[in-house]
2 protein chains.
Amino acid sequence: MTMTPCEACPLRGMEIFVPFDPGEVEFMQKFKAGELAVERGTTILIEGSKSPQLFTVLRGMATRYKTLEDGSRQVINFAMPGDFLGLQAGVMGAMRHSVEAATDMVLCVFKREEVWTLFRTQPSRAFDLTWISAVEEHFLGETVATLGQRDGLQRVAWALFRLFKRLRAVKLGTRDSVPLPFRQQDLADALGLSLVHANKTLAELKRRGVARWAKGVLEVQDIDTLQDLAMIDEPKEERRPLM
Amino acid sequence: MTMTPCEACPLRGMEIFVPFDPGEVEFMQKFKAGELAVERGTTILIEGSKSPQLFTVLRGMATRYKTLEDGSRQVINFAMPGDFLGLQAGVMGAMRHSVEAATDMVLCVFKREEVWTLFRTQPSRAFDLTWISAVEEHFLGETVATLGQRDGLQRVAWALFRLFKRLRAVKLGTRDSVPLPFRQQDLADALGLSLVHANKTLAELKRRGVARWAKGVLEVQDIDTLQDLAMIDEPKEERRPLM
DNA sequence: CGCATTATTGAAATACTTCAAATACGGTGG
DNA sequence: CCACCGTATTTGAAGTATTTCAATAATGCG
């Protein structure tokens with residue numbers, strides 16, 4: 001229950017994250033307002049609200065989603081350790097999507113007012129904030145391309161591949177499996193597929209011996225085929241800054 | 001052919017853009033490396049490249065797009081006056097999509113190296129850069145929701161509504177029509193629809209007396225119905241910073 | 001153990017794609 | 001100004017991926 005010092009942050013130092021400069025750790029320690037533990041199912045940020053807090057995910061996972069007028073839900077993406085939450089509220093004034101914990105989570109908490117301090121006194125960290133936003137933008141562009149151009153099988157393969165790579169990059173799971181604590185409905189809502197079709201497509205991937213996802217664990221048996229099906233060429237995970 | 005002084009920028013001062021603080025205009029004038037006029041069809045930024053230049057669109061329009069392994073194209077969105085191009089290359093090192101001029105264009109040019117100066121010496125402008133990125137992220141989230149959850153008619157209505165509002169916000173066109181210099185193929189590639197289906201859906205909107213798009217001009221006859229069809233609730237255009 | 005949630009499966013309905021061919025448009029050169 | 005050619009739009013018809021409906025099976029939580 002005691003707060004993790006940034007010095008001992010379990011994420012910092014992982015290859016996927018840009019290394020901290022000396023002094024940045026110290027600043028982040030001051031910037032950090034505290035730590036928040038939330039239960040599965042908690043809505044961390046809500047569409048339309050101007051949250052006074054920003055977060056970095058330390059442990060656990062979440063879904064970012066929007067709800068449309070007719071009640072349908074679009075999962076924008078899945079948040080995992082190292083992801084930064086609430087930037088929209090931080091700079092635009094209000095969140096444009098909601099964030100809900102898919103597991104119990106631990107979050108680093110930053111105060112919104114401090115963002116301005118950061119821009120005034122820590123240009124390198126301000127730059128990183130923009131960088132983070134640009135990376136998000138890039139991934140959303142990928143998602144747009146997936147929903148616009150890939151068929152059902154390609155979409156599911158694309159999502160499983162990305163999730164697997166990202167989770168492995170933050171040292172979760174084993175060589176060929178990762179925890180994936182979402183429901184098929186969440187994946188369907190992320191990919192613009194019906195639950196039924198998502199289910200049948202997952203079954204097809206299992207049948208082909210490519211990947212199987214059951215009981216919150218994704219096991220990838222043939223990652224090359226998965227990547228081929230997904231039509232992904234990028235070889236390695238994007239390096240990004242960590243807040 | 002001579003360079004527009006930022007002082008006399010035709011975009012600054014429009015309601016859609018956040019007003020400049022005193023001093024910011026002066027800074028931007030120094031930040032501005034020049035002006036670039038390009039012809040229709042020119043590729044301004046190319047996927048994978050690390051452009052040494054960033055741009056603000058002064059006049060004209062463009063498509064931002066990605067090409068997938070199988071050759072299909074996803075139009076990420078359409079760029080219009082006031083939009084900032086090249087931020088990804090500016091902070092992440094390389095563009096993740098290409099940008100092609102759909103009309104002759106005039107662009108303000110900024111040098112990539114100067115971005116760092118901006119972060120060190122102009123925190124308010126650095127903040128705006130992040131803000132711009134967050135706004136883009138927001139719109140891409142909307143696009144993801146559109147491709148994931150809306151059917152053909154809703155998608156087309158959504159796109160026409162947004163384009164119309166945005167173009168009106170930068171003072172193009174008349175009360176009920178705007179220039180829209182793209183091909184139906186571009187719209188289809190933006191919405192993840194086949195050309196044929198996009199065409200038939202546009203015909204349906206015309207038949208219903210909602211909107212008609214021909215010869216590069218979009219005329220909206222019934223904007224309320226268009227908005228209803230699109231399932232959009234937001235009443236007004238997002239205010240954003242201008243670079 | 002029992003109840004609510006999630007996953008699975010089959011079958012019918014449909015929105016959208018693909019194929020193919022005709023028409024219209026816009027720019028260029030004569 | 002017209003004829004021509006390449007590009008863009010329009011239309012019909014057949015095929016298919018995906019959705020919807022509906023019901024059963026499995027899972028996990030209290």
Side-chain angles (χ1 to χ4, degrees), chain A residues 39-41 63 68 70-75 100 102-104 146-160 179-207 211-219 229 231, chain B residues 39-41 63 68 70-75 100 102-104 146-160 179-207 211-219 229 231:
Chain A
E39 290 195 331
R40 179 159 72 96
T63 53
L68 276 74
D70 69 348
S72 65
R73 179 182 77 142
Q74 175 66 40
V75 170
E100 180 179 323
T103 65
D104 291 352
T146 296
L147 301 197
Q149 306 300 327
R150 288 185 243 251
D151 67 22
L153 185 62
Q154 293 170 334
R155 288 187 211 187
V156 172
W158 176 84
L160 295 186
L180 197 66
F182 304 103
R183 292 162 302 169
Q184 293 189 358
Q185 183 72 65
D186 295 321
L187 184 69
D189 288 348
L191 297 176
L193 298 173
S194 67
L195 171 60
V196 170
H197 197 61
N199 177 280
K200 284 174 180 166
T201 306
L202 285 165
E204 174 65 12
L205 284 174
K206 178 157 51 175
R207 191 191 65 74
R212 50 177 62 198
W213 176 29
K215 299 177 189 177
V217 176
L218 168 65
E219 184 189 347
L229 283 173
M231 294 199 307
Chain B
E39 291 194 331
R40 180 158 70 96
T63 52
L68 276 74
D70 68 349
S72 64
R73 178 182 76 140
Q74 175 68 38
V75 170
E100 181 179 323
T103 65
D104 291 353
T146 296
L147 301 196
Q149 306 301 326
R150 287 185 242 252
D151 67 22
L153 184 62
Q154 294 169 334
R155 287 187 212 188
V156 172
W158 176 85
L160 295 187
L180 198 65
F182 304 103
R183 292 162 303 171
Q184 293 187 1
Q185 184 72 65
D186 295 322
L187 184 68
D189 288 348
L191 297 176
L193 298 173
S194 68
L195 171 61
V196 171
H197 198 61
N199 177 280
K200 285 174 179 167
T201 306
L202 285 165
E204 174 66 11
L205 284 174
K206 177 157 51 175
R207 192 190 65 73
R212 48 177 63 198
W213 175 29
K215 300 176 190 179
V217 175
L218 168 65
E219 183 189 347
L229 284 173
M231 294 200 308

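In what follows, chains carry the letters A, B, and so on, assigned in the order in which the sequence lines appear, proteins first and then strands, with residues in each chain numbered from 1.
- The main-chain N or O of A:Leu193 is never found under 3.5 Å from a side-chain atom of A:Arg155 such that the two would form a donor-acceptor pair.
- Distance A:Gln149 CD to C:dC16 C1': 14 Å, rounded to the nearest Å.
- In this structure, the nucleotide among D:dT10, C:dT8, D:dC29 sitting nearest to the side chain of A:Arg40 is D:dC29.
- A donor-acceptor pair under 3.5 Å is formed between the side chain of A:Thr201 and the backbone N or O of A:His197.
- The CD-C1' distance, from B:Glu39 to C:dG27, rounds to 14 Å in whole Å.
- Summarising the geometry, the separation between NE2 on B:His197 and C1' on D:dT10 is reported as 15 Å, rounded to the nearest angstrom.
- Distance CG (A:Asp151) to C1' (C:dT17): 12 Å, rounded to an integer number of Å.
- Each of B:Arg183 and B:Val196 lies near DNA chain D, and the nucleotide nearest B:Arg183 is the one positioned closer to the 5' end.
- Side-chain nitrogen and oxygen atoms of A:Gln185 include none within less than 4.0 Å of the OP1 or OP2 phosphate oxygen of C:dT6.
- For the side chain to side chain contact (heavy atoms under 4.5 Å, CB included) with A:Phe182, the qualifying choice from A:Val75, A:Thr63, A:Leu218 is A:Thr63, the only one to do so.
- Although no hydrogens or angles enter the test, the distance criterion places a donor-acceptor pair under 3.5 Å between the side chain of A:Gln74 and the main chain of A:Asp189.
- Counting only heavy atoms from C-beta on, B:Lys215 has its side chain closest to C:dG26 among C:dG26, C:dC19, D:dC21.
- The side chain of B:Leu193 lies closest to C:dT17 when the candidates are C:dT17, D:dT20, C:dT18.
- What separates CG of A:Leu202 from C1' of C:dT6 is a distance of 13 Å, to the nearest Å.
- Proximity of A:Asn199 to the phosphate of C:dA7: no side-chain N or O atom is located under 4.0 Å from OP1 or OP2.
- If you measure from atom CG of A:Leu195 to atom P of D:dT19, you get 10 Å, rounded to the nearest angstrom.
- Taking the side chain as every heavy atom from C-beta outward, B:Trp213 and B:Leu205 never approach each other to under 4.5 Å.
- Distance B:Glu204 CD to D:dT10 C1': 15 Å, rounded to the nearest Å.
- Remark: C1' of C:dA7 and CZ of A:Arg212 are 16 Å apart, rounded to the nearest angstrom.
- When distances are taken from the side chain of A:Ser194 to each of D:dT20, C:dT8, D:dT9, the shortest belongs to D:dT20.
- Regarding contacts with the backbone of C:dC16, every side-chain N or O of B:Lys200 stays at 4.0 angstrom or more from both OP1 and OP2.
- Within 4.0 Å (heavy atoms only), B:Gly192 reaches sugar-phosphate atoms of the nucleic acid but no base atom.
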